[in-house]
Chemist: 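Input: one structure, supplied below.
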Amino acid sequence: MNLELTPGELLPRSFYSVSALEAAPLLLGQILERDTEEGVIRCRIVETESYGGVEDKGSHAYGGRRTARTEVMFGEGGAAYVYLIYGMYHCLNVVTGPQDDPQAVLIRAVEPLALEDEVLMRRCRGSLVRRPADLSGGPGKLCRALGIDKALNGALFYSGASPLRLAAGGPGAGGSGERIVAAPRINIPYAEEYAAKPWRFYYRDNPYVSIIDKNSEARSKPSSDFPRLFNK
DNA sequence: TATCAGATTGTCT
DNA sequence: GACAATCTGATAG
């Protein structure tokens with residue numbers, strides 16, 4: 001996919017028509033915008049995981065399980081799927097693919113774009129932040145830092161009227177020369193043979209990434225090996 | 001730095 | 001009734 005987009009412009013609805021596996025690395029480097037009472041928080045996506053299709057045993061929609069919770073995943077791509085995990089944390093996903101094909105990309109880590117964004121995120125965060133990953137390195141942490149809860153389930157990322165949006169990152173979003181690591185997804189032992197699939201993507205050496213894979217050096221690839229949103 | 005148990009509730013069987 | 005796409009603080013080395 002090669003879309004000509006101006007950095008800062010909202011990603012178009014068509015961006016979300018691809019599979020979750022395609023979208024996961026493409027979302028790296030894109031900008032997540034969140035409207036809060038204190039102002040707009042802007043941050044860059046640095047870690048994602050793909051949960052794709054009814055055959056993925058790691059997915060909430062495995063086997064076509066369509067319930068009140070997973071309903072958003074069955075809709076057209078471009079909506080937010082937000083759910084509660086372990087009774088106290090929320091997780092944010094970007095729904096992709098066509099209607100009735102449940103696929104989503106879990107956003108696992110973001111980094112604040114500017115100092116003002118970091119200030120707002122720290123304010124929302126609550127607990128002690130010593131290192132970058134403490135702020136927003138992890139799906140539960142980033143939702144707290146951005147004030148995301150189930151009220152945002154179904155929000156449309158491509159709509160200017162939405163309180164949660166996705167905009168194009170810099171000229172190299174989806175890459176920009178940074179190496180991308182593809183590694184197994186986190187905490188889904190029940191997914192059996194799907195647990196080992198390298199469907200987690202993150203920027204190597206980025207301090208906001210939640211967990212560093214020991215074999216990341218061997219597994220990392222130049223970003224040019226992944227689909228690009230922008231031409232060079 | 002690494003490991004571990006506890007927290008806490010919506011969701012599904 | 002069991003468990004979850006997690007995080008945190010405590011404890012040991």
Side-chain angles (χ1 to χ4, degrees), chain A residues 19-21 23-25 27-28 32 45-75 77 79-97 101-111 121-155 157 164 181-202 207-216:
Chain A
S19 71
L21 194 52
L27 281 166
L28 294 179
L32 185 62
I45 297 172
V46 300
E47 180 182 350
T48 61
E49 277 181 3
S50 164
Y51 287 87
V54 296
E55 75 284 351
D56 180 1
K57 293 181 181 174
S59 172
H60 290 166
Y62 169 59
R65 256 180 26 198
R66 188 166 187 160
T67 65
R69 181 176 65 150
T70 62
E71 185 59 31
V72 205
M73 288 182 83
F74 285 82
Y81 169 41
V82 181
Y83 63 88
L84 182 71
I85 188 68
Y86 299 116
M88 55 187 109
Y89 300 106
H90 292 276
C91 289
L92 171 68
N93 295 252
V94 177
V95 175
T96 75
D101 184 355
Q103 304 199 39
V105 177
L106 172 67
I107 307 302
R108 285 195 57 91
V110 298
E111 65 178 350
M121 286 166 71
R122 279 178 179 267
R123 201 171 295 169
C124 291
R125 190 65 179 75
S127 66
L128 189 59
V129 174
R130 296 176 191 279
R131 315 147 45 119
D134 292 340
L135 181 65
S136 52
K141 294 180 202 171
L142 80 86
C143 281
R144 269 203 189 162
L146 299 177
I148 291 170
D149 62 21
K150 282 180 69 180
L152 290 170
N153 191 42
F157 289 109
L164 190 61
V181 177
R185 295 173 291 178
I186 305 295
N187 280 345
I188 48 165
Y190 50 83
E192 301 173 8
E193 74 271 26
Y194 283 87
K197 304 244 182 224
W199 290 351
R200 172 177 176 236
F201 303 91
Y202 61 89
Y208 286 85
V209 169
S210 62
I211 297 169
I212 308 298
D213 192 281
K214 293 296 180 190
N215 299 315
S216 65

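Because the structure is a prediction, the values reported are computed rather than measured. Values reported hereafter were calculated over all heavy atoms of this structure, with side chains retained and with hydrogens, waters and symmetry mates removed. The chains referred to below are lettered A, B, ... by the order of the sequence lines, with proteins before strands, and numbering in each begins at 1.
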Chemist: Tell me the interatomic distance from A:R65, atom CZ, to B:dG10, atom P, rounded to whole angstroms.
Modeler: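 Distance, rounded to whole Å: 18 Å.
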Chemist: How would you summarise protein contacts on nucleotides 6-13 of chain C per nucleotide, using B for base, S for sugar-phosphate only and - for none, with heavy-atom distances below 4.0 Å?
Modeler: BBS-----
Chemist: Rounded to whole angstrom units, what separation is found between the NE2 atom of A:H60 and the C1' atom of B:dT11?
Modeler: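 Roughly 10 Å, once rounded to whole Å.
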Chemist: What is the distance, rounded to the nearest whole Å, between atom NE2 of A:H90 and atom C1' of B:dT11?
Modeler: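 Going from NE2 in A:H90 over to C1' in B:dT11 covers 14 Å.
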Chemist: Any idea which heavy atoms bring A:T67 and A:T70 closest together, and the distance?
Modeler: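 Heavy-atom minimum between the residues: N-OG1, 2.9 Å.
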Chemist: Does any part of the side chain of A:M121, heavy atoms only, come nearer than 4.5 Å to the side chain of A:V129, both counted from C-beta?
Modeler: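 No. Closest side-chain heavy atoms not under 4.5 Å.
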Chemist: Once pairs are restricted to Watson-Crick or G-U wobble with both distances under 3.5 Å, how does DNA chain B read as a dot-bracket string, [ ] for crossings and | for other-strand pairs?
Modeler: |||||||.||||.
Chemist: Under 4.0 angstrom, heavy atoms only, what part of the nucleic acid is A:R185 near: base, sugar-phosphate, or nothing?
Modeler: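 It contacts nothing in the nucleic acid.
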Chemist: Using every non-hydrogen atom in the two residues, find where A:R200 and A:S210 come nearest and quote the distance to one decimal.
Modeler: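 Reported closest heavy-atom pair: NH2-OG, 3.7 Å.
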Chemist: Could you point out which residue of A:I188, A:L106, A:D56, A:V105 forms a side chain to side chain contact (heavy atoms under 4.5 Å, CB included) with A:W199?
Modeler: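 Per the side chain to side chain contact (heavy atoms under 4.5 Å, CB included) rule, the option paired with A:W199 is A:D56, out of A:I188, A:L106, A:D56, A:V105.
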Chemist: Could you tell me whether the phosphate oxygens of B:dT11, OP1 or OP2, come under 4.0 Å of any side-chain nitrogen or oxygen in A:K150?
Modeler: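 True: A:K150 side-chain N/O within range (under 4.0 Å) of B:dT11 OP1/OP2.
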Chemist: May I have the distance from A:L84 (atom CG) to B:dA7 (atom C1'), rounded to whole angstrom?
Modeler: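 Going from CG in A:L84 over to C1' in B:dA7 covers 12 Å.
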Chemist: Under 6.0 Å from the six-membered ring centre of A:Y194 and within 45° of its axis: does the NZ or CZ of A:R185 meet both?
Modeler: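 Not satisfied by the 6.0 Å and 45° rule.
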Chemist: Using atom CD of A:E71 as one end and atom C1' of B:dG10 as the other, report the distance to the nearest whole Å.
Modeler: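 These atoms are roughly 17 Å apart.
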